[in-house]
> 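Encoded as structure tokens, here's the structure I'll be asking about.
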Amino acid sequence: MKVVKFGGKSLASGQAFDNVINIIKNKANEDKIAVVVSAIGDTTDTLEHILELAKTQQDYITTFEEFKNRPYHENTDIKSELDILGKLYEGVSLIEDYNLKIKDQVLAQGEVISSKILASKLLDQGIKAIAVDSRNFFITDNNFGSAQANENISRQKTQAYFNSLDKDAIAIVTGFIGATEKGETVTLGRNGSNYSAALLANFINADELQNYTHVDGIYTANPDWVKSAQKIEELHFDEANELANFGASILHAKTILPLVENNIPLRILNTLNPNSKGTLISGKPTTQGIKSLSVESNVALIQFEGRGLLGIVGIDARVFTALANEGISVGIISQGSSERGLGFIVESKDAELAAEALRKEFQNDFYTKDVNNIAILKDIAVISIIGQDLSTFDKPYAALVKNKIVPILFNNTVTGKNVSLVVKKEEAKKALNVIHGQIFGIAKKINIAVFGHGLVGGTLIDQVLQSATSIEEKKNIRLNIFAIGNSKKVLLSENGISNNWRETIKTDSIPYTIQDIIEFANQNHLENLIAIDNTASGEFIKNYIPLVQNGFDLISSNKIGNTISYSFYKELRETLKANHKEYLYETNVGAGLPLIDTIKLLHLSGENITKIKGVFSGSLSYIFNTYSIQDRPFSAVLNEAIQKGFTEPDPREDLSGNDVGRKLLILARELDLQNEFEEIIIQNLIPEELQKIDTPTFLKSLEKLDPYFDKIKQNLKPDTVLRYVGELSGDLQKDKGILETKLIEVSTNSALGQLKGSDSIFEIYTESYGENPIIIQGAGAGASVTARGVFGDILRLADK
């Protein structure tokens with residue numbers, strides 16, 4: 001025989017009833033079965049709510065009438081159960097109170113009604129079935145609300161009862177309830193129907209217990225919270241028991257033990273997907289390792305501090321005896337070593353009672369100031385990692401801290417195979433996703449906000465979307481762009497933008513502040529956050545520090561954040577360090593070239609860099625590489641560079657030397673020099689009369705540049721070409737170096753002279769290498785190159 005149990009959600013609608021009936025039909029054709037049922041849908045919560053209304057003398061009758069008239073109550077004789085409820089509610093309303101004994105009588109009717117309705121529906125389908133009240137054979141203690149079965153008596157009564165039943169009829173047994181030896185109704189605790197089914201399977205020595213729920217089985221985490229959660233095919237009894245004890249909602253903490261006794265397998269199945277094989281729980285050994293993550297959220301943390309009690313024997317005994325006397329069960333316990341401090345978890349409903357019990361017990365100790373604090377911390381959650389040991393716990397813990405989630409309390413079990421963390425309830429979902437992605441190696445989700453969607457930003461977005469699938473397959477990293485903004489509006493999408501984002505942004509973008517982005521990320525529990533600045537805005541950099549403080553790593557192709565005041569530069573880095581965040585900006589100087597990383601490594605290794613020189617601007621590289629060797633007006637070459645997207649929207653930003661100056665300053669600061677932008681000697685290539693006109697007017701006046709540059713070109717010596725270079729020199733071991741940008745002529749045979757197209761070149765002189773510089777050369781301009789460099793920074797951050 002098999003015992004088949006259906007949960008309340010499985011019975012909650014007409015369609016579900018149909019599925020349940022079909023499942024029972026199919027199983028009855030294959031095996032002899034007994035069925036255990038929970039109350040239908042929200043019945044238990046509704047009955048309890050009506051009880052509270054009656055107790056507080058509110059209008060309970062209207063709600064009770066609505067309950068009685070539920071559609072699935074029709075065509076089934078449940079008059080006696082409804083009459084019992086009516087009398088109980090009336091009595092509670094008269095005395096304005098009730099105890100656990102009365103509450104158990106009320107809640108028990110939900111299961112009895114469920115059993116009768118399902119039996120009636122099966123009979124209507126021509127299936128012989130009989131409603132069975134488990135109070136006839138489940139005999140328990142008198143711990144109302146959470147009774148424990150007397151297994152010896154219950155076993156005998158259950159076997160005798162089932163032997164007396166019609167062998168051709170399917171027993172539809174009430175879950176959740178039993179009776180004392182005096183015949184008083186008790187309940188077995190919330191979710192106790194699973195316990196009832198396990199007891200029944202044990203007592204009748206069933207071949208298997210099949211528990212039908214609303215999910216396909218047990219998952220590596222709650223699939224409603226973690227979209228990448230995976231179904232677990234098999235679990236050992238011990239592993240399932242740990243899951244149950246640590247709050248897995250699909251199992252009751254007492255469910256596994258009755259099954260272990262007779263080695264009865266338990267299979268978790270889905271009513272709405274009956275073809276799924278579910279999760280099998282048995283005594284069969286399984287592979288070692290982490291199995292699942294569970295979350296308990298209806299808990300509170302009690303904090304007990306008694307600095308004056310340090311070293312005094314018996315304090316712990318007094319604490320836990322006081323709690324035991326009130327019937328309060330304690331979960332995770334953490335004890336400080338340097339002072340008399342205890343932290344422990346209790347159910348939320350018991351928190352106030354627990355604190356009051358301790359205040360009474362330690363009343364005199366408060367008076368002598370040996371005890372100084374008993375506090376309740378609510379709005380917390382416990383995340384338990386089943387199968388985790390401390391040898392590999394550093395990775396999930398580091399990932400939590402990286403996402404600005406610092407556990408309040410930490411505990412690992414005596415076996416060393418389970419770790420539990422207490423976190424703020426508002427952080428629980430995000431924490432669960434972070435830990436799950438780290439542990440199970442499932443695609444780690446990187447949530448990206450892109451600010452600036454012009455040429456570089458738009459190209460980057462397209463590159464990410466085009467490569468996302470292959471990156472997920474190759475690197476287990478899922479890139480999710482959840483925000484695209486400019487200076488005024490933003491497009492937000494929790495699950496990421498699509499390929500037609502350019503059209504969507506026109507219709508669906510909304511005004512925003514940076515706080516709106518932060519709140520959106522928090523409300524949607526987004527982890528592994530990256531903010532990308534592809535603007536050229538001096539205003540947007542003011543958002544860097546708030547973003548970092550709220551859990552974002554930074555990537556920027558915008559140079560301004562690294563080149564404004566040295567005080568901001570230092571403040572940003574101190575904020576990054578304090579919040580365990582990264583700031584990558586490889587494209588600030590060499591577009592996609594690995595220049596900044598190289599200089600960082602040389603500097604950190606203790607190498608003494610003595611000079612850096614080169615063509616820093618891909619834009620100016622293209623302009624002067626072309627102009628030096630072609631017989632064309634300067635304005636024509638410049639206009640061509642503009643059309644190719646090599647320059648800033650206002651090319652004066654390039655020709656002024658400011659862009660090269662900023663890049664030079666960034667490298668100086670990487671060497672811990674404290675130069676300011678105003679200290680750079682910059683040669684501005686724009687005649688003074690063209691420096692202050694607006695951009696459109698300047699773009700119409702490019703030909704006015706020709707005489708100035710023609711004169712420079714005519715004065716070139718043979719076998720030389722023009723290059724606009726930046727140079728960092730001086731004693732670079734002091735606080736400041738010499739920074740200079742200028743247009744020079746160089747030999748066509750030199751490294752600088754042989755530069756082609758829009759390439760940049762950097763010569764890094766060091767003490768070790770002497771006069772032979774390290775040379776880094778490559779593409780230095782273009783939206784695609786810069787965007788690819790930013791993309792590289794994204795992947796570097798994702799790996800971290």
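Sequence positions, counted from 1, serve as the residue numbers for this chain.
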> What I want to check is whether the side chains of Thr697 and Asp694 have a donor and an acceptor closer together than 3.5 Å.
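Their side chains do contain a donor-acceptor pair, which is all the 3.5 Å distance test asks for.
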
> If the threshold is 4.0 Å, N to carboxylate O, is there a salt bridge linking Lys613 and Glu740?
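The answer is no: the pair does not qualify as a salt bridge.
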
> Within the side chain of Tyr569, is there an N or O that forms a donor-acceptor pair under 3.5 Å with the backbone of Gln674?
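Checked: no pair found.
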
> Going through the distances and angles, do Asn562 and Asn588 end up as a side-chain hydrogen bond (donor to acceptor under 3.5 Å, both in side chains)?
CA-CA 9 Å; Asn562 281 323; Asn588 272 198; 3.0 Å; yes

> Quick one: is the NZ or CZ of Lys713 closer than 6.0 Å to the six-membered ring centre of Tyr627, and within 45° of its axis?
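The answer is yes, since Lys713 meets both limits relative to Tyr627.
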
> Show your reasoning for whether salt bridge (charged side-chain N to carboxylate O under 4.0 Å, His left out) applies to Glu427 and Lys430.
CA-CA 5 Å; Glu427 296 176 342; Lys430 182 177 179 180; over 6 Å; no

> I'd like to know if the side chain of Asn433 and the backbone of Lys429 have a donor-acceptor N/O pair within less than 3.5 Å.
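Side chain of Asn433 to backbone of Lys429, a donor-acceptor pair under 3.5 Å: yes, one is there.
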
> Return yes if a side-chain donor-acceptor contact under 3.5 Å exists between Asn528 and Asn447, otherwise no.
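Asn528 vs Asn447: no donor-acceptor pair found between side chains.
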
> Under 3.5 Å, is there a donor-acceptor pair between the side chain of Asp650 and the main chain of Arg652?
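Between the backbone of Arg652 and the side chain of Asp650 there is a qualifying donor-acceptor contact (under 3.5 Å).
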
> Side chains of Tyr622 and Glu640: is there a donor and an acceptor less than 3.5 Å apart?
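The answer is yes; a qualifying pair exists.
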
> For Gln691, look at atom CD and say whether over 12 heavy atoms of other residues, nucleotides or ligands are found less than 6.0 Å away.
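Yes.
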
> Could you tell me if the side chain of Ile497 sits less than 4.5 Å from the side chain of Leu491, heavy atoms only?
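Of all side-chain heavy-atom pairs linking Ile497 with Leu491, at least one is under 4.5 Å.
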
> Mind checking the CG-NZ spacing from Leu685 to Lys742? Nearest 0.5 Å is all I need.
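If I round to the nearest 0.5 Å, the distance is 13.5 Å.
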
> Once rounded to the nearest 0.5 Å, what's the spacing between atom OG of Ser760 and atom CG of Leu755?
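Separation between the atoms: 7.0 Å.
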
> Within the 4.5 Å heavy-atom criterion, are Tyr765 and Ile612 side-chain neighbours or not?
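Side chain of Tyr765 against side chain of Ile612, heavy atoms only: no contact under 4.5 Å found.
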
> Quick one: does Arg669's side chain have a donor or acceptor within less than 3.5 Å of a partner on Asn675's backbone?
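At least one qualifying donor-acceptor pair exists.
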
> For atom NZ of Lys424, decide whether the heavy atoms of other residues, nucleotides or ligands shown that lie under 6.0 angstrom number more than 12.
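Not buried by this count: 12 neighbours or fewer within 6.0 Å.
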
> Are Ser567 and Ser565 close enough that a side-chain donor and a side-chain acceptor fall under 3.5 Å?
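On atom types as modelled, these side chains qualify, holding a pair under 3.5 Å.
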
> Any side-chain donor-acceptor pair under 3.5 Å between Asn625 and Arg723?
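Present: a donor and an acceptor within the cut-off.
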
> About how many Å separate CG of Leu584 and CD1 of Ile530, when rounded to the nearest 0.5 Å?
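Ile530 CD1 to Leu584 CG: 8.5 Å, rounded to 0.5 Å.
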
> Determine yes or no for a side-chain-to-main-chain donor-acceptor pair under 3.5 angstrom, with Ser628 supplying the side chain and Leu722 the backbone.
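Yes: the side chain of Ser628 pairs with the backbone of Leu722.
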
> Would you call Glu653-Arg662 a salt bridge at under 4.0 Å N-O?
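Yes.
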
> Has the side chain of Glu586 got a donor or acceptor atom that lies under 3.5 Å from a matching backbone atom of Ile596?
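Yes; judged by distance alone, with no hydrogens or angles, the pair exists.
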
> If you measure from the Lys or Arg side-chain nitrogens to the Asp or Glu carboxylate oxygens, is any gap between Arg573 and Glu571 under 4.0 Å?
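Salt bridge: no.
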
> Could you tell me whether Lys402 and Asp553 make a salt bridge, using a distance below 4.0 angstrom between a side-chain N and a carboxylate O?
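Yes.
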
> Can Arg502 and Asp462 be counted as an ion pair, charged N to O under 4.0 angstrom?
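Looking at Asp462 together with Arg502, the answer is yes, because their closest N to O distance falls below 4.0 Å.
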
> Is a salt bridge present between Lys445 and Glu527, judged by a nitrogen-to-oxygen distance below 4.0 Å?
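Glu527 and Lys445: not salt-bridged.
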
> So, Asp759 versus Ser621: side-chain donor-acceptor pair below 3.5 Å or not?
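Checked: Asp759/Ser621 side chains show no N/O donor-acceptor pair below 3.5 Å.
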
> Are side-chain heavy atoms of Leu667 and Leu671 found at a separation under 4.5 Å?
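When only atoms from C-beta onward are counted, Leu671 and Leu667 do not touch, as no gap falls below 4.5 Å.
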
> Go through it in stages, so that I can follow the logic: the residues are Gln754 and Thr748, the test is side-chain hydrogen bond (donor to acceptor under 3.5 Å, both in side chains), and I'd like the CA-CA distance, side-chain angles, deciding distance and then a yes or no.
CA-CA 6 Å; Gln754 293 179 32; Thr748 54; over 6 Å; no

> Search all heavy atoms of Ile560 against all heavy atoms of Gly538 and return the closest pair with its distance.
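Minimum heavy-atom separation between Ile560 and Gly538: CD1-N, 3.6 Å.
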
> Which heavy-atom pair separates Pro651 from Leu699 by the least distance, and what is that distance?
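Smallest heavy-atom distance, with atoms named: CD-CD2, 3.7 Å.
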
> Mind jotting down which residue pairs meet the ring-ring contact (aromatic ring centres under 6.0 Å, His included) criterion with at least one end in residues 532-553? Sequence neighbours excluded, please.
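Sorted pair list: Phe451-Phe540, Tyr544-Tyr583.
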
> Under a 3.5 Å distance rule, please check whether Tyr724 uses its side chain to pair with a backbone N or O of Gln683 as donor and acceptor.
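It does hold such a pair.
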
> When you check the side-chain N and O atoms of Asn558 and Ser556, is any donor under 3.5 Å from an acceptor?
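There is no such pair between these side chains.
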
> Are the side chains of Arg632 and Thr626 in contact, using a 4.5 Å heavy-atom criterion?
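Yes. Closest side-chain heavy atoms under 4.5 Å.
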
> Any side-chain donor-acceptor pair under 3.5 Å between Ser557 and Asn534?
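Per modelled atom types, Ser557 and Asn534 side chains form a pair under 3.5 Å.
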
> Quick one: sort the Phe616 and Phe762 rings into parallel, tilted or perpendicular, breaks at 30° and 60°.
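Rings of Phe616 and Phe762: perpendicular, over 60°.
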
> At their closest point, which heavy atom of Leu673 faces which heavy atom of Tyr566, and how far apart are they?
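Looking at all heavy atoms of both residues, the closest pair is O-CE1, 3.6 Å.
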
> Does a donor on one side chain and an acceptor on the other come within less than 3.5 Å for Asp706 and Ser635?
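Yes, a side-chain donor-acceptor pair sits under 3.5 Å.
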
> Answer with yes or no whether the side chains of Asn480 and Asn495 bring together a donor and an acceptor at under 3.5 Å.
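Result is no, nothing qualifies.
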
> Taking the side chain as C-beta and beyond, is there a heavy-atom pair between Tyr585 and Val589 under 4.5 Å?
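No. Closest side-chain heavy atoms not under 4.5 Å.
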
> What heavy-atom pair brings Ser509 and Lys489 nearest, and what distance separates the two atoms?
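Minimum heavy-atom contact is OG-CD, 3.6 Å.
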
> Should Asp516 and Val490 count as side-chain neighbours, where that means a heavy-atom distance under 4.5 Å?
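No, every pair of side-chain atoms sits at 4.5 Å or beyond.
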
> Search all heavy atoms of Ser467 against all heavy atoms of Ser470 and return the closest pair with its distance.
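For Ser467 and Ser470, the tightest heavy-atom pair comes out as O-OG, 3.0 Å.
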
> Over all heavy atoms of both residues, which pair between Ile564 and Glu676 is shortest? Give the atoms and the distance, please.
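Looking at all heavy atoms of both residues, the closest pair is O-OE1, 4.0 Å.
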
> With the side chain counted from C-beta on, respond yes when Val456 and Thr587 share a heavy-atom pair under 4.5 Å apart, and no when they do not.
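They are not in contact (no side-chain heavy atoms under 4.5 Å apart), so the answer is no.
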
> More than 12 heavy atoms of other residues, nucleotides or ligands under 6.0 Å from CD of Glu689: is that the case?
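Counting other residues, nucleotides and ligands, CD of Glu689 exceeds 12 neighbours.
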
> Can you establish whether the number of heavy atoms outside Glu539 located under 6.0 Å from its atom CD is more than 12?
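Check fails, neighbour count at 12 or below.
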
> With a cut-off of 6.0 Å (strictly less than), are more than 12 heavy atoms of other residues, nucleotides or ligands near OH of Tyr708?
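Yes, the 6.0 Å shell around OH holds more than 12 heavy atoms from other groups.
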
> For Val746, does its backbone N or O pair with a side-chain atom of Ser750 as donor and acceptor, under 3.5 Å?
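Here the side-chain-to-backbone pair does not exist.
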
> Measure the spacing between CD1 of Ile481 and CD1 of Ile532 and express it to the nearest 0.5 Å.
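The CD1 atom of Ile532 is 7.0 Å from CD1 of Ile481, to the nearest 0.5 Å.
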
> Check this for me: does any side-chain nitrogen of one of Glu472 and Lys475 sit under 4.0 Å from a carboxylate oxygen of the other?
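No, this pair does not count.
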
> To the nearest 0.5 Å, how far apart are NZ in Lys404 and CG in Leu529?
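Those atoms lie 11.0 Å apart.
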
> Examine the side chains of Gln549 and Thr575 and answer whether a donor and an acceptor come within less than 3.5 Å of each other.
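There is no such pair (donor and acceptor under 3.5 Å, judged by atom type) between the side chains of Gln549 and Thr575.
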
> Contact between Pro633 and Glu703 at the side-chain level, heavy atoms closer than 4.5 Å - yes or no?
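Not touching, per the 4.5 Å side-chain cut-off.
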
> Treating Asp731 as the side-chain partner and Gln733 as the backbone partner, does any N or O pair qualify as donor plus acceptor under 3.5 Å?
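The answer is yes, because a donor-acceptor pair under 3.5 Å joins these two groups.
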
> Hey, does the side chain of Ser758 reach the backbone of Gly618 with a donor-acceptor pair shorter than 3.5 angstrom?
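It does not hold such a pair.
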
> About how many Å separate CG of Leu455 and CG of Leu460, when rounded to the nearest 0.5 Å?
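Rounded to the nearest 0.5 Å, the CG-CG separation comes to 11.5 Å.
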
